[in-house]
Amino acid sequence: MKTTIRGSTNKSYTITGFIMVMSVAMMAALLFSGCGSTAENDPAFPEFVYRSEQSLEGYRVAAASQDIMEFVPCYCGCKQDAEKYRSLKDCFYDRKTGEYDEHAASCTTCLDEAADINQWKKEGLASAEIRERIDTKYAERGEPTDTPMP
Amino acid sequence: MEQQIHGATTGALKPTKEQARYGAFDRLLRWRLYPRLLHWVLYFTLAILIYFAFAPGQRGEGNLATEVVWRLWWPLLPFVLLLAGRIWCGVCPFGGAADAAGGLAGKRPAPPSIFRKTGPWLGAAAVFAFGIAFLALGLEANSGATGIILVAMTLLAAGLSLIYRGRTFCRYLCPVGMITRVYSFFSWSRPQGSSDRRAVKSCPVGLSTVSLRQPSQCHLCGSCTEAHTPGGITTRFTPAGIRKPQAREFGHAEATLSLLLLGLMAADSVRMTSLFARYQQAALPVFSYNYRLTVVAGVTTLTSVVLAVQLLISRLGVERHGASPAFARASFTLLPLTMGVFLSLALQHLWSGALPSLQTVLVESRLIDWSGHMPPTNVYFTSLPLKAIQFTMLGAGFFLSLKVAGGVRMIGAWPRRAMVLMAAAGFGFLFYLPMSGAC
């Protein structure tokens, strides 16, 4: 990093700024390249999915684990609209059209549940065990949707 | 600059006429328990926050540590800065830890000259790294990273104070300190030197309490204004203005920092609009579907554009002068506008982020009953009163920037005004769009 204070021109100071920005950015890129939300490829998600890292990760899990989410209740309070939301899957996919639903993109409870499902699925848990754990963990958050057991 | 006032006496001295005129803020600085009482309160708070950040079973979103730090403290900081200057630095628990560690260590050498030479640049790099981490890691919803930052800053502040005299970390390396330093030019409470030379107190940042040549360096820590000690700094209340920097107070590192902040705030503004989702959708395939890499690339590009434009602008006006201060002065022109943006973004976070988050914490702690849907925190919305206040802040920053541009003599009139206009138009467009409180 260039550190000379006196006797330089405007250009050299801006270049110092550029070097600094690039150095920090490169370090950050190296640091972050191995962590966070990554995928080999993504389905053609709609724009709202990319609102946040948690949202993208949640929809990635939903795309890969629809069969599990179908038997997992949602505790975010969406039960109020019982016609539309009957399981966690309905927070990510519209029941009627089968297209992606915007609801989960900004719902922390839905995204937390999706993250947990992903984690427990990686640990090798079966659908019934995942359901049981979700029920135990999220019971305090609110009323669950009326979801059938796996 | 390490200066001490020698040859004076301490003890129970007769109050001077100057002391008799102390306002409420100056009396606070001279309060016997300032800042120790606040330090202890904040040590306790910090310990609780660190515990919650690392406690097992905690979530990022709705975590007490992330909620208090990023949705309450961070958005309140620019307002505190505007009203009371760098008072946060005075009561900051990291600064307190530095003072406490220094007290334990006894006599230590002054920080080496490399800190004085490279310190502001390191501070500017720390701010940029902090900004990138904030945006890429989503610190508002990342309790682990928040906890690591809190612990690292405490250890660094205390550790450097064990080795060197004064608040070395706060002065040279703290990103928050660098931010409060450059924006303290807008503070309505401005520190000024006292003519009373009787105070014999060593300033932890090496300032002279008599001349106070670099007021933006003053942490308002109260070291020079302890109870019953005459002298020390006083403050002057001057609302809605900007103080011109003293010599060497706003150098090239600070100028670069102000541009980095402009780039980071542009990135934060974009992040709160739907443009961000559009950018991610387009950029993710380019960056191997790595979300954080796309954020780093976007922030770096935006900041580089800001630096490039500034280089062009400052080059346009220096043909006859060829002097390096042009860059710093031209950058200073943008500072009021950036402050307006900082306040607007902070208000956005407070308005749409803090209240729903507080509700979530209360519901999950079972302090209130809530049978409805848990409040979402990042839905784009348009609130007319909020937009009105934001545009007022942005407008105030814009006009103040134009005013400052009029006083900048090193560069021609049109480049600096074009620069202010361009930045204001860009932020105006972003603030016109519906925004979320957090991502």
Side-chain angles (χ1 to χ4, degrees), chain A residues 1-18 20-29 31-33 35-42 45-57 75-78 80-81 105-109 111-112 137 140-143, chain B residues 59-62 117-118 121 124-125 128-129 132-133 136-138 141 251-253 255-256 259-260 274 276-278 280-281 284-285 288-293 296-297 299-300 303-304 307 310-311 314-315 318 322 324 326-328 360 363-364 366 370-374 376-379 436 439:
Chain A
M1 184 187 294
K2 194 160 187 164
T3 55
T4 312
I5 303 296
R6 295 187 186 87
S8 301
T9 62
N10 292 329
K11 195 176 175 181
S12 73
Y13 287 114
T14 315
I15 288 169
T16 309
F18 271 119
M20 197 171 73
V21 165
M22 291 306 161
S23 308
V24 172
M26 279 174 70
M27 280 191 285
L31 197 68
F32 298 150
S33 59
C35 65
S37 182
T38 54
E40 295 210 346
N41 203 343
D42 268 338
F45 288 131
E47 193 182 296
F48 58 76
V49 168
Y50 299 94
R51 201 172 279 175
S52 68
E53 188 175 13
Q54 288 83 1
S55 166
L56 176 61
E57 190 58 35
Y75 284 85
C76 75
C78 61
Q80 287 177 322
D81 190 354
S106 49
C107 180
T108 51
T109 305
L111 296 174
D112 283 344
K137 184 173 177 180
E140 294 175 2
R141 292 231 193 152
E143 288 288 312
Chain B
R59 297 178 307 127
E61 196 88 31
K117 285 178 181 169
T118 64
W121 288 103
F128 190 59
I132 282 200
L137 293 177
H252 293 93
T256 305
L259 297 175
L260 295 180
S274 58
F276 178 71
R278 205 170 294 176
Q280 281 288 355
Q281 194 177 27
L284 268 168
S288 310
Y289 295 94
N290 188 314
Y291 192 92
R292 290 175 183 175
L293 274 186
V296 173
V299 175
T300 309
T303 313
S304 300
L307 283 168
Q310 179 68 346
L311 174 65
S314 54
R315 292 299 292 173
V318 294
S324 54
F327 177 67
T360 306
V363 170
E364 291 187 2
R366 291 181 168 185
W370 182 259
S371 57
H373 186 267
M374 291 298 283
T377 53
N378 59 355
V379 181
S436 73
C439 284

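Naming convention: chains lettered A, B, ... in sequence-line order (proteins, then strands); numbering from 1 in each chain.
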task = Against chain A, label Thr303(B) side chain, backbone, both or neither, depending on which of its atoms sit under 4.5 Å from a heavy atom there.
result = side chain
ask   = Which atoms of Ala297(B) come close to chain A, meaning under 4.5 Å heavy atom to heavy atom: side chain ones, backbone ones, both, or neither?
value = neither
For the student: nearest non-hydrogen atoms of Thr300(B) and Ala25(A), plus distance = OG1-CB, 3.2 Å
key: Rounded distance (nearest 0.5 Å) linking atom OG of Ser52(A) with atom OH of Tyr291(B)   = 5.5 Å
message = I'd like to know if the side chain of Gln281(B) reaches the main chain of Phe45(A), judged simply by a donor and an acceptor atom lying under 3.5 Å from each other, with no hydrogens or angles considered.
response = yes
note = Taking every heavy atom of Ala141(B) against every heavy atom of Gln54(A), the minimum-distance pair comes out as CB-NE2, 3.6 Å
ask   = What are the two closest heavy atoms between Tyr50(A) and Gln280(B), and how far apart are they?
value = CB-CB, 3.7 Å
ask   = Where do Glu47(A) and Ser274(B) come nearest, in terms of heavy atoms and distance?
value = OE2-O, 3.6 Å
task = Identify the two heavy atoms, one from Ala28(A) and one from Ile132(B), that lie closest to each other, and give their separation to 0.1 Å.
result = CB-CG2, 3.6 Å
